[in-house]
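Here the structure is laid out as structure tokens; the discussion comes afterwards.
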2 protein chains.
Amino acid sequence: MTTIRELAQLCGVSLATVSRVFNKPDSVSPKTRERVERMARELDYRPNESARTLATGRSTMVGLVWDTDHRRSGWRHPFLQDLLIGLKSALSAHGYHLLMLATGEAAHHRQVGASLADPVGYVDTVRRHDLAGVVLIDSGSDAEAFALFAQSGLPCVAIDVAVDGPRATYVTSANAEGAGQAVRHLLGLGHRRIATIAGPARTRPGADRLAGYRAALAEAGVPVREDYVAEGDFYRASGHSAMRKLLALPEPPTAVFAAGDEMAVGALLAARQAGCRVPDDVALVGFDDIEVAALVEPALTTVAQDKSGFGRAAAAAVMAMVEGGKAAPTPAPVELATTLVVRDSCGAAAPR
Amino acid sequence: MTTIRELAQLCGVSLATVSRVFNKPDSVSPKTRERVERMARELDYRPNESARTLATGRSTMVGLVWDTDHRRSGWRHPFLQDLLIGLKSALSAHGYHLLMLATGEAAHHRQVGASLADPVGYVDTVRRHDLAGVVLIDSGSDAEAFALFAQSGLPCVAIDVAVDGPRATYVTSANAEGAGQAVRHLLGLGHRRIATIAGPARTRPGADRLAGYRAALAEAGVPVREDYVAEGDFYRASGHSAMRKLLALPEPPTAVFAAGDEMAVGALLAARQAGCRVPDDVALVGFDDIEVAALVEPALTTVAQDKSGFGRAAAAAVMAMVEGGKAAPTPAPVELATTLVVRDSCGAAAPR
DNA sequence: CTGAAAGCGCTTACAG
DNA sequence: CTGAAAGCGCTTACAG
């Protein structure tokens with residue numbers, strides 16, 4: 001492994017000059033710059049990142065907080081893969097890498113003294129590694145840890161959860177508007193008895209999609225019936241039981257907006273089991289556009305999120321803060337546009 | 001941020017002693033050890049990782065090579081999320097983190113001089129960061145890069161692709177055996193005209209599953225008909241067109257083993273379009289057990305892979321090499337057992 | 001069991 | 001435009 005010292009000697013310049021060639025090329029005379037560059041290429045020289053980080057106090061890594069231990073088993077992020085792809089390639093374009101933070105008791109106990117304020121050890125790792133920033137993916141039980149980050153002053157962007165802090169922001173879909181698209185579509189098909197299977201009210205997407213549902217109905221002059229509002233938890237099973245209850249109502253809905261595709265799939269199964277045909281007896285619209293949405297029978301009409309857009313937007317936001325320095329303004333929260341994807345479960349093909 | 005120097009001063013000991021408390025606790029007298037530990041906790045001291053890495057020449061990070069740029073668009077790893085969960089938590093247990101390597105032209109050109117031998121810049125990053133080891137996820141076009149790693153002497157474990165090198169190993173499913181399970185199941189249901197939609201022969205899983213198919217037929221005394229062997233590329237579309245061809249044969253098969261669930265789903269769609277009922281007219285068995293397998297109509301009978309087992313096994317293998325040092329033997333390739341999951345597409349419920 | 005010292009490979013004011 | 005020097009925060013033989 002060539003070091004900067006060797007390279008400097010072979011070029012007949014000082015370490016400082018070599019360092020400048022790579023970090024402030026304009027401050028070096030073209031002649032020496034070229035000489036150093038050529039020699040560097042010849043020796044296949046690569047500056048050591050640990051040394052750079054140690055000297056500058058900041059690494060070229062962004063942390064990804066995604067709890068894999070405390071999470072409810074069987075849970076899967078609806079589009080983690082797309083998110084990762086968007087995130088990783090956008091960071092790559094800036095020369096940054098993504099560090100998936102080890103979490104959970106095991107990891108933490110291997111380290112020096114656990115901190116009470118940081119039970120899972122996230123912040124710990126960030127400090128040890130001098131990370132440039134951090135991207136937070138909610139797993140439902142990280143509220144305190146996320147608040148810690150947001151307050152820490154480190155560039156920090158969360159996915160689908162509102163965080164507040166000096167250099168903290170977040171990205172979500174335009175959830176209320178997306179829910180509105182779904183509901184207006186059902187209204188346009190002639191439905192008036194439209195129920196919803198909402199996500200948990202404490203989550204941002206859950207609350208906003210429900211608000212969008214209410215707003216769209218109100219706007220159309222359709223009163224919201226509280227017996228038409230069922231709350232699920234985004235998991236399939238909750239969609240199933242919510243649908244069962246809705247269909248058992250004295251006056252069942254003719255259409256259902258499920259605030260998540262997993263719940264919509266559960267609802268579909270429940271309808272099938274209840275001998276209720278979709279979309280003929282009850283129309284169904286979901287939210288997310290996960291892969292299975294197109295494959296279930298009937299194919300699910302749903303509000304598509306801009307999946308890789310999450311990753312790209314998150315990367316753009318961290319990078320803006322990282323490269324802008326402390327003086328740069330914190331980017332405003334990002335709202336990604338959604339798209340209604342009409343398939344078969346809403347009955348648009350054969351409106352009543 | 002407390003440094004080791006401050007901690008040492010406050011404890012009235014040397015830097016060396018503090019360092020030993022954390023790295024070789026037994027070499028320190030219990031009395032001073034406790035004093036240092038208590039003070040460390042009080043000050044919330046955390047050793048800086050960059051400094052450690054610089055001093056020791058080895059980081060506590062394992063690289064994950066997963067190309068997101070060169071990959072065919074729309075491609076998704078069948079179970080990346082499970083793999084990551086298994087990998088991450090197993091590494092965490094050893095106190096290691098997972099670094100997703102930035103790849104692609106953009107990232108690389110931001111760095112000092114690109115190398116001809118390492119066009120995508122993987123090895124580059126590994127060197128710069130003194131990574132402890134690396135896990136390789138094939139994206140179909142990384143053969144040269146993988147070979148580079150395997151030869152480099154760095155602890156290296158690949159997923160589903162055989163690599164060869166001094167400290168290189170890999171983990172796959174027992175693909176031949178798994179294919180055998182599928183075929184024997186179909187034989188047991190009375191089928192004799194069993195076709196296969198194989199994966200690409202140049203991939204390990206593709207080749208092995210095909211071999212398993214052949215072996216199982218041979219063992220049962222059923223001759224292999226070459227017109228019953230269609231090759232796909234693991235994508236859905238290829239399963240679709242392969243199935244079309246098989247069904248158009250003068251003597252079409254009564255059962256098909258698709259070497260991947262995506263292809264099986266494509267085959268299912270093709271059968272439906274051809275007016276061919278599954279499983280009544282043709283039985284179908286897949287491989288992988290991806291999420292949609294249970295959701296298509298009819299639900300897909302398939303050979304399930306041990307998804308998170310891949311991550312765990314990969315982590316175990318790197319860790320064995322990393323913690324064992326250069327002297328430790330390179331772990332043998334791992335073969336994960338598969339499980340036949342019987343659903344509706346094979347017709348086991350109503351054997352002919 | 002403990003300390004003084006050298007070293008890991010960089011960056012960055014400070015002079016010139 | 002360039003160099004000498006200090007410093008980043010650790011680890012690890014080497015003595016004692």
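Quick note on labels: first sequence line is chain A, next is B, and so on, each numbered from 1.
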Just checking, any donor-acceptor pair under 3.5 angstrom between side chains of A:Thr53 and A:Ser50? no
First and last nt of DNA chain D near chain A, cut-off under 4.0 Å to heavy atoms, 5' to 3', are D:dC1 to D:dG9
Can you give me the dot-bracket string for DNA chain C, 5' to 3', counting Watson-Crick and G-U wobble pairs with both distances under 3.5 Å, using [ ] for crossing pairs and | for partners on another strand? |||.||||||||.|||
Does any non-hydrogen side-chain atom of A:Met100 lie less than 4.5 Å from one of B:Leu87? no
Quick one, B:Leu98 and A:Leu98 - any side-chain contact, counting heavy atoms below 4.5 Å? no
So, with a heavy-atom separation below 4.0 Å from DNA chain D, the residues of residues 26-37 of chain A are A:Asp26, A:Ser27, A:Val28, A:Ser29, A:Thr32
Heavy atoms within less than 4.0 Å of DNA chain D: which residues of residues 11-20 of chain B have one? Give them sorted by number. B:Ala16, B:Ser19, B:Arg20
Side chain to side chain donor-acceptor pair (under 3.5 Å) contacts in which one or both residues fall within residues 54-64 of chain B, not counting sequence neighbours: B:Glu49-B:Thr60, B:Arg58-B:Tyr96
Which pairs, with at least one residue in residues 307-317 of chain A and sequence neighbours excluded, count as a side chain to side chain donor-acceptor pair (under 3.5 Å)? A:Ser308-A:Arg312
For B:Tyr170, the ring pair (Phe, Tyr, Trp, His ring centres under 6.0 Å) test, sequence neighbours excluded, returns none
All salt bridge (charged side-chain N to carboxylate O under 4.0 Å, His left out) counterparts of B:Asp82, not counting sequence neighbours: A:Arg76
Going by side-chain contact (heavy atoms from CB on, under 4.5 Å), name the residues that satisfy it together with [X], two or more places apart in sequence or in a different chain.
X: B:Ala16; result: B:Ser14, B:Arg20
X: B:Asn23; result: B:Ser19, B:Arg52
X: A:Glu6; result: A:Thr2, A:Thr3
X: A:Glu42; result: A:Arg38, A:Met39

Plane angle bin for A:His129 and B:His97 - parallel if under 30°, tilted between 30 and 60°, otherwise perpendicular: perpendicular
